[in-house]
Amino acid sequence: SNYRLPNNTSPLRYNIELTTRIHDSALGIDRFKFEGKVTIQLKTINDQALTSDVTLNYRQIDITHVKLWYISQDGWEYILLDDSDSFTTDPIKEFLTVHSPQPLNGTYFLELKYNGTLREDNAGLYRSSYYDQNGNVRWLATTQFSSTDARHAFPCYDEPGIRAPIGLRVIHGKQYSVLSNTIPIDVRDSILDGMVITTFTDTPKMQPYLLGIVVSDFKAASLPDYPRQQAYARPTAFQKPVADFIIEAGFKVLQVLEDFLDTPYILPKLYHVAIPDFAPGAMENYGLITYKEENFIFDSSTSPMKQRKKIATIVAHEIGHHYFGNYVSPAWWSFLWMKEGFARFFEYVAAEMVFPELGIGNMYAVDKTHNVFEIDSLGSTRPMTYYVNTQSEISNVFDDIAYDKGGAILLMFYHAFDHESFRRALVNYLHANALQSATPAEFADAMQQTMFDGREPENVQFNASSLLKSWTEQAGYPILHISRIDANCSLQIHQERYLLKSSNTSSSAVTWIIPFNFATKLQPNFENTLATGWLTETSVVINPTNELFWTCDDWIVFNKQQTSYYRINYDTNLWQLNIEALLKNSTIFHEANRAQLIDDSMNNARSGRLEYQVTLQLMRYLSKELDYIPWAAADRNLGLLNILMRGTNKYTTWHKYCLEFIEPTYLNKGIVTSPQDTMSDRMVREIVVNWACKVGSQHCLNATALMVTEVAESHTADVDPDLRESIYCNGLRSASSAVFDSIWQRMQESQDQAYRSELIRALGCVDDAQLIDRYLSTTTETNYSSYFGQERERVFVSVLKNGLLGMEKAINFLKENMDDVNVLYNKGNFGARAISSIVRNMAKHITSESMHIQFQNLMEQLLEKRYLLQSDMLQALEYSSENLMWIHDRGVQIEIWLEQQYPQIKPQTSTSELTTSSTVVMKTTKILSNTMSESSSISSSHSTTYATNIQTTINAGQSNVSSTSSIPANNSILSLTSSTTKNYEENTWNHAS
């Protein structure tokens, strides 16, 4: 059944009038009602047959009156209908069809009056609230129309390819003001008592989902050096200058993109608005970007420095949308990557241009590519261009494929061709399709003109269209196998689809058009990322040349800076040469390629393409790694392996191995931030502190526990903002009920949503079963606890990620409270898919057959109640069954290797039973077949106090120090001398080598 509009009429202009009494507490729940009137100037489509119907989209509103008329050439108004019943509705397809008494041909005016209610699920025209300085609830009305919720605020042609200017006026309480896409041209008293009318200039010709409205008592902030930019938030948020950075970022990013894209911004202003209850990270309403509060606020005294990166990239993403998505839109949601992929691309490219000191440009691979590689390696993944029809299908494609893969493919083209050619392609695309919709064919045309035409035919044996289709119309991604094949050490490059289940050969014949480049020992240039060649067939052989030479004894690293979207696997000899070079002097490789070697080796081993002993040997180089990007790759991969190793009988030995390469960097970085530390320094420290505690450094655990206890007892102090989440998480693991309650209360009392999120995740780290039960129960209680929209789900996820106990408690809680969870968690969940998101997270933490069976039974109950989508169940089963197969088939490799490395360690009792592949695979196969469908440091005085107290605690508890911790007993982490660190590193390095 077709959910698309019939395309026999199209809008020329909307005039919208909305009346809200959100300000009026005397009305009780009636304050959440609104009235609306929309007048649409429309025309019939000449190439369609004559029609008597006008079909629009609507959602959850009651139509009270319709009027249809036209104006004759002599200026007379001819009314065709004016009543309350000349229409029909289809609530499933969300169609509102007005029936004319005569065939339509030409231009008409359609007026519809309607009533509605401000929603509670953070979508459409909805209600939000905050507490003022006196503790009173203040309500506001705001919008989130993407992707299909503009129809809730006014009947419209709610499709991304259908545009018209929008005129807006809002009738509202005098003590409130209205923000929208454009500037108000008139504010006057209404005939309604206590109400005013705010009227706005017309928007550009745009899609309905880009309309933004905020009716509130928010306050404004601006900076004289950054014109056109203003920030708005609840008054209590502006007690400090928390919006200065977002205003600066908005101004600088917009300036950079206007220049880079050779296209001026078409509106006179750009507002940034923080909404207390907001589902997505941000929304690109034309001229009125709305944000989740935690993505808006930067307080130089309490925010970690990485918050600057977060805000800079989100601002770059949303302003990128003002060109790709707003200025030129995808013709339909099937091409969602044409706005989200471009926005993700500019998220990093533009942010790097504006804030080069943060080093954001090099982080795309570890932040996004490695992330989407996970889902894109499954057999159930989808291609970037993917037809959708229903509202739920549209919601489901707002995923990592559209965003992260879309951005990665564009970034690959940007590097494989020269930057300027790609930039000119973007400019041509924008200019040719300005204020219109487009398909991938239009983008391919722009690419062809600037990136292909004029090139020598022998250099490029394909066109832009075939290249683009290669990456957008088939699912998954390739892995390149690099091997030496003869006495000349010629390199054979062979491509195949990378699937997590390497035994799956269903797509073995799939090929891509792949740009490649590489660095060698003799030519170690990682800076030039242009394509050296293109792989258009399954395999190709390349020989050493005068320009690019290597010997049989040289290391070779493909995909410089990992700017292209594929994995690499080397033959055994090349892996060994690369690892030897890495262990000897890792800095000869670009930091992005060090991260790539970690991620590729880990995932090749995970999928059975590489022996684990190779990657475990490689990981030991990290004992001398100080840069963030490789540690980010290690963090992601160690996190997965740490989960999987729970299902083996070598979990403690595994932690001993990890501590050997984690502890030297932990010692080097310490546990206190210095003012001169770069963002990279701070982010590395956060990773290694967290891992040092996680793998059993008693020093780390004692230090963090003492810090958290002091904070809990003082009720005023706080820990280092750059280490806050790591310190709270690890310091709470063995916390008393009193300490836990103190930190939970601190979270509840805060209105800083970024701070709350950190504490929510940290509180989930507690290892006490009763405290976990209490923590989970707060998410289904509405009197005892206070949470913002998506925070309940975050509580749940923080618990399930905390080991076997956390998973057990999470499964039982969801089983017993699924009805409440579905209602309460989904109120703030974008697309109302909280349970699907939770289930996919849970699947990645399954490490035993008994847990798998419990999880399977839980999903069947959720599916029966329609709380879970079949597609998500399919994906979850793929994750969980793959975990069990890994433990049975590949976990053994690590167990044997660990036993060889640490023979003195006696075998331990398994923390959970090993599963047999036959039982799990049979059960899983049955299910699958049935379900196919500038942060500040701690002050000097605090540092001294912490150092003294921590030292006392550690000295007092030395008898309890884990055997895996080799930190000298008489050294505090806050006062370790460089010589101690150097000697310890040398000892560890000698052992690792």
Side-chain angles (χ1 to χ4, degrees), residues 1-3 59 91-94 121-123 146-149 279-280 333-334 336 340 372 374-384 386-405 475 500 789-790 792-794 796-797 800 810-811 813-815 817-846 852 854-883 923-933:
S1 184
N2 191 1
Y3 283 66
R59 175 178 292 169
I92 303 300
K93 293 183 179 180
E94 299 183 329
D121 60 353
N122 296 0
S146 179
S147 56
T148 61
D149 274 303
W333 298 115
S334 301
L336 180 63
E340 296 302 345
V372 71
E374 178 81 10
I375 189 173
D376 211 20
S377 66
L378 301 179
S380 57
T381 190
R382 68 172 184 88
M384 284 165 57
Y386 182 73
Y387 185 73
V388 289
N389 182 34
T390 68
Q391 300 93 325
S392 61
E393 288 171 352
I394 293 167
S395 176
N396 289 344
V397 293
F398 281 76
D399 60 6
D400 291 338
I401 300 298
Y403 287 72
D404 296 354
K405 184 177 181 178
L500 189 57
Q790 293 167 300
R792 299 175 194 276
E793 180 187 348
R794 291 176 185 172
F796 188 94
V797 172
L800 76 86
I811 289 175
F813 181 82
L814 182 54
K815 184 176 181 179
N817 299 276
M818 60 178 65
D819 294 333
D820 288 340
V821 167
N822 182 60
V823 172
L824 292 170
Y825 287 27
N826 272 328
K827 280 188 177 182
N829 191 276
F830 189 41
R833 299 183 61 221
I835 288 180
S836 291
S837 174
I838 284 170
V839 165
R840 290 197 306 274
N841 262 302
M842 295 177 85
K844 297 176 183 179
H845 291 74
I846 300 296
H852 181 80
Q854 291 180 57
F855 180 58
Q856 204 166 277
N857 292 337
L858 172 64
M859 287 197 295
E860 288 171 354
Q861 293 177 46
L862 292 169
L863 193 67
E864 185 178 348
K865 290 199 171 192
R866 297 186 178 181
Y867 295 162
L868 183 66
L869 298 174
Q870 284 191 349
S871 59
D872 291 315
M873 183 174 180
L874 173 68
Q875 199 173 91
L877 285 168
E878 194 167 359
Y879 279 131
S880 60
S881 61
E882 188 64 26
N883 280 5
K923 291 180 179 179
T924 302
T925 301
K926 181 179 179 181
I927 294 294
L928 291 173
S929 63
N930 291 334
T931 56
M932 287 296 288
S933 64

### Message
To the closest 0.5 Å, what do you measure between CD (Gln875) and OG1 (Thr381)?
### Response
7.5 Å

#### Entry: Student check: side-chain heavy atoms of Ile846 and Tyr879 closer than 4.5 Å
no

### Task
Write down the atom of Asn883, the atom of His845, and the distance for their closest heavy-atom approach.
ND2-N, 4.1 Å

#### Entry: Side-chain touch Val821/Ile835, heavy atoms, less than 4.5 angstrom
yes

### Task
State, yes or no, whether a side-chain contact exists between Tyr387 and Ser334 at a heavy-atom distance under 4.5 Å.
yes

### Query
Under 3.5 Å, side chain of Glu393 to main-chain N/O of Thr390, donor-acceptor pair present?
yes

#### Entry: Minimum-distance pair of heavy atoms, taken over all atoms of Ile401 and Ile375
CD1-CG2, 4.1 Å

### Intermediate values then yes/no, side chain to side chain contact (heavy atoms under 4.5 Å, CB included), Asp400 and Asp376
CA-CA 9 Å; Asp400 291 338; Asp376 211 20; over 6 Å; no

### Message
Tell me if the CZ atom of Phe813 is crowded by more than 12 foreign heavy atoms within 6.0 Å.
### Response
yes

### Message
The test is side chain to side chain contact (heavy atoms under 4.5 Å, CB included); show your working for Asp872 and Val839 and say whether it passes.
### Response
CA-CA 8 Å; Asp872 291 315; Val839 165; 5.8 Å; no

### Task
State the CG-CD1 distance between Leu868 and Ile838, to the nearest 0.5 angstrom.
10.5 Å

### Message
To the closest 0.5 Å, what do you measure between CG (Leu336) and CZ (Phe398)?
### Response
4.5 Å

### Task
Please round to the nearest 0.5 Å and tell me the distance separating atom CG of Leu863 and atom CE of Met873.
5.5 Å

### Message
If you define the side chain from C-beta out and look only at heavy atoms, does anything of Leu814 sit under 4.5 Å from Met842?
### Response
yes

#### Entry: side chain to side chain donor-acceptor pair (under 3.5 Å) assessment of Glu878 paired with Ser380
CA-CA 8 Å; Glu878 194 167 359; Ser380 57; 3.0 Å; yes

### Task
Look up atom CG in Asn389 and atom CD1 in Ile394, then write down how far apart they are to the nearest 0.5 Å.
7.5 Å

### Message
Lys815 vs Gln854, test: side chain to side chain contact (heavy atoms under 4.5 Å, CB included). Steps then yes/no.
### Response
CA-CA 10 Å; Lys815 184 176 181 179; Gln854 291 180 57; over 6 Å; no

## Note on the structure
Separation between OG (Ser147) and CH2 (Trp333), nearest 0.5 Å, reads 5.0 Å

### Task
Measure the shortest side-chain to side-chain distance between Arg794 and Gln790 over non-hydrogen atoms and say whether it is less than 4.5 angstrom.
yes

### Query
Do Met859 and Leu877 come close enough that some side-chain heavy atom pair is under 4.5 Å?
yes

#### Entry: Arg59 with Asp149: basic N within carboxylate O range, under 4.0 Å
yes

### Message
Minimum heavy-atom separation for Ile92 and Gln391, please, with both atom names.
### Response
O-NE2, 3.2 Å

### Query
Would you say the side chain of Asn396 lies within less than 4.5 Å of the side chain of Val388, judging by non-hydrogen atoms?
no

#### Entry: Heavy-atom pair with the smallest gap, counting every atom of Lys865 and Asp819
NZ-OD1, 3.0 Å

### Task
Compare all side-chain heavy atoms of Asn826 with those of Glu793 and state whether any distance is below 4.5 angstrom.
no

### Task
Determine the minimum heavy-atom distance between His852 and Ser880, stating which atoms define it.
CE1-OG, 3.2 Å

### Query
So which heavy atom on Ser836 is nearest to which on Leu869, and how close?
OG-N, 3.8 Å

### Query
Does a donor on one side chain and an acceptor on the other come within less than 3.5 Å for Tyr825 and Asp820?
no

